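Data first, discussion second: the structure below is written as C-alpha cells.
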There are 2 protein chains.
Amino acid sequence: MDSDSLPPAPRPPSRGASTRQSRQRGLSQAAIIDAALDIIDREGLDALTMRTVAHALGTGPASLYAHVGSKEQLIELVVERVIGEVHFIGEPDPARWEEQLKETAHEMRRVFASHGDLARASFGRIPVGENAMRGAESMMAVLRAGGLSDRVTALAVDLLSLYVMGIAYEDGLARGTEPEQFVDFIAELRSYFESLPADRFPNFVSLAEQLTSGDENTRFEFGLEVLIRGLEAVSKNEA
Amino acid sequence: MDSDSLPPAPRPPSRGASTRQSRQRGLSQAAIIDAALDIIDREGLDALTMRTVAHALGTGPASLYAHVGSKEQLIELVVERVIGEVHFIGEPDPARWEEQLKETAHEMRRVFASHGDLARASFGRIPVGENAMRGAESMMAVLRAGGLSDRVTALAVDLLSLYVMGIAYEDGLARGTEPEQFVDFIAELRSYFESLPADRFPNFVSLAEQLTSGDENTRFEFGLEVLIRGLEAVSKNEA
DNA sequence: ACCTGAACACCGTTCAAGT
DNA sequence: ACCTGAACACCGTTCAAGT
C-alpha cells in the first residue's frame with residue numbers, strides 16, 4: 001500500500017494543525033488512528049471523542065495532542081486511512097469505462113459502509129491525502145480512457161465523488177437506527193403518503209408505494225446509471 | 001404560505017421529542033425558530049446553541065424546552081421553515097420539464113445559500129414537513145409531466161434532492177472560510193497538483209488547471225445537466 | 001402552563017509540570 | 001520529546017422550584 005511519499009499537500013483553510021511524529025514510545029499516530037477507527041466501526045462517529053480514544057489507549061485526552069493536531073485532523077487521518085482500503089481500477093479499459101466507473105463507485109460505497117457512519121465526516125472534504133489522490137487519479141484515468149474531454153473528466157470525478165459520498169452518508173444514517181425501527185418508519189411513511197389529501201398531493205398518493213419500496217441498493221444503482229448515461233450524453237454533445 | 005394542516009407525519013426514529021405549543025406568552029416556537037435562523041444566517045451552524053438562542057431571546061436555555069423538544073428538532077423546524085422560502089413550480093409544463101427541474105434546483109440552492117451552512121444540517125434528513133412535502137409534490141408533478149414513469153419519477157426526485165443538497169452542503173463549507181483564504185487555498189492546490197510526480201499522477205498534473213478552475217456555479221450547472229440528460233436516457237431506455 | 005436557576009454529565013483544548 | 005493531571009470554557013438536557 002505504501003509508496004514514495006508526496007510533497008506536503010496544501011491544507012484546507014482552518015482545519016487542524018500540523019502533525020508531529022512519535023517514534024513508537026507507547027503512543028503513536030498510527031495507534032491513535034486505529035483506536036479511533038475501531039470506535040467508529042463499533043459505536044459510530046458520535047461516540048468518537050478525544051476522551052474515548054484516549055481511554056481505549058489507556059491514557060488521558062491531553063496525551064493525544066502530541067501526535068494529532070486536533071480532533072478534526074484525527075478524523076481526516078481516519079478517512080484517509082479508510083480510503084486506502086478502496087480498490088481502485090489499476091488498468092483503465094477504454095471499452096469498459098462505464099463498468100469500471102461503476103466498480104469504483106461500488107467499492108467506495110462498500111468500504112465506507114463497513115465503517116459505520118464515517119462517510120458523514122468525510123463528506124464535503126477536499127481530500128489531499130496520498131490514498132485519496134491515488135483514487136482520484138485512477139478515476140480520471142478511467143474517464144479519459146473512455147474518451148471524455150479534459151473538462152468533462154475534471155467535472156465528472158468531482159460529481160461522481162459527490163454522489164457516492166452522499167449515498168454513503170445516507171447509508172450511514174440509516175445504519176444508525178435499529179433495522180427494525182427503520183422498516184417500521186418506512187411502513188409508517190407509506191401509509192402517511194397514502195393518507196394525504198389527494199387534491200393537494202396527488203403524486204404522493206399515487207406514488208406512495210414507489211416512494212417507499214426501493215431498497216438502498218436499487219436507489220444507488222439508479223443514480224449511478226443516470227450519472228453515467230448523463231456523462232455519455234454531455235460528452236457526445238460537446239464533440 | 002399557510003394552508004390546511006396535514007395529518008401528523010410519522011417521525012423518523014430517534015429524533016427529538018414532540019412539540020408543544022405556547023400561546024404567545026413571551027416565548028413561542030416561532031420566535032425560537034426566528035432567533036435560531038438568525039444566528040445561523042449571521043454566524044453559521046456551529047454558533048447555534050441552545051444557549052445562544054436563549055440569549056438572543058433574553059432567557060436561559062432551559063426555557064426553550066417548553067416549545068421545542070430538542071436541539072435536533074429545532075434544527076428540523078428551521079429547515080422546514082427555510083424550505084418554505086423556495087419557490088417551487090406551480091404549473092408543470094410537459095414541454096419544459098427539464099427547464100422547470102433546473103429552475104427548482106436553482107431555487108433550492110439559492111435559498112440555502114442565503115442561510116449560511118444550514119444545508120449541512122438538512123442533508124440526509126427525510127423531510128416530512130408541510131413545505132418539504134409540497135416541494136417534493138411539485139417536483140414529482142414536473143417529472144411526470146415530462147413523461148417519466150412512476151418508478152423513474154420516484155427515484156429521480158430523491159436523486160435530484162440528494163444532488164442539490166449535496167452541492168448546497170459544499171457551498172456552505174466554502175462560505176465558512178474567508179473568501180480570500182479560499183482563493184489562496186485553490187491556488188496552492190493547483191501548484192501542488194502541478195508539482196506531483198508525473199509518472200504516478202499524470203492526470204493530476206495535466207488536469208491541474210481544469211481541476212482548480214471551475215467556479216462553483218459551473219460545477220453545479222454541469223451536474224444538473226448530467227443528471228437531466230441521464231434521466232432522459234434512462235427513461236428512453238425503459239420504454 | 002410556562003418559565004427559571006442550578007446542576008449533571010459531558011465536550012475539545014491548553015498549560016504547567018513532570019520525565 | 002513525550003506524557004500527564006488539572007483546569008478552562010464550553011455543551012445539551014433535566015429537574016425541582018417557582019408563578
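So you know, we letter chains A, B, ... as the sequences are listed, proteins then strands, and number each from 1. Here the structure is a predicted model, which is why all the values come from computation and not from measurement.
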Please walk me through it: do B/Glu194 and B/Arg190 pass salt bridge (Lys or Arg N to Asp or Glu O under 4.0 Å)? CA-CA 6 Å; B/Glu194 284 166 347; B/Arg190 178 181 303 204; 5.1 Å; no
For A/His55 and D/dC3, give me the distance from atom NE2 to atom P, rounded to whole Å. 18 Å
Whole Å only: how far is the CG atom of B/Leu48 from the C1' atom of D/dC10? 15 Å
note: A/His67, atom NE2; D/dT4, atom P; distance rounded to Å ~ 10 Å
Complement of D/dA7, any strand, by Watson-Crick or G-U distances under 3.5 angstrom: C/dT13
Euclidean distance, atom CZ of residue A/Arg51 to atom P of C/dA9 [Å, nearest integer]: 14 Å
Starting from P on C/dT13, measure out to CD1 on A/Ile32 and report it in whole angstrom. 13 Å
Could you tell me whether B/Thr49 contacts a base, only the sugar-phosphate backbone, or nothing, with contacts defined as non-hydrogen atoms closer than 4.0 Å? sugar-phosphate
Considering only distance and modelled atom types, tabulate donor-acceptor pairs under 3.5 Å from the side chains of residues 32-40 of chain A, sequence neighbours left out.
{"residue": "A/Asp34", "atom": "OD1", "partner": "A/Arg81", "partner atom": "NH1", "Å": "2.7"}
{"residue": "A/Asp34", "atom": "OD1", "partner": "A/Arg81", "partner atom": "NH2", "Å": "3.1"}
{"residue": "A/Asp38", "atom": "OD2", "partner": "A/Arg42", "partner atom": "NH1", "Å": "2.4"}

To the nearest Å, give me how far apart OH (A/Tyr65) and C1' (D/dA6) are. 15 Å
Nucleotide forming a Watson-Crick or wobble pair with C/dG18, both distances under 3.5 Å: D/dC2
Whole-Å distance between C/dC2 P and B/Leu57 CG? 16 Å
Length of the line joining A/Met50:CE and C/dT13:P, which is rounded to integer Å: 6 Å
Rounded distance [0.5 Å steps], CG in A/Asp215 versus OG1 in A/Thr218: 4.0 Å
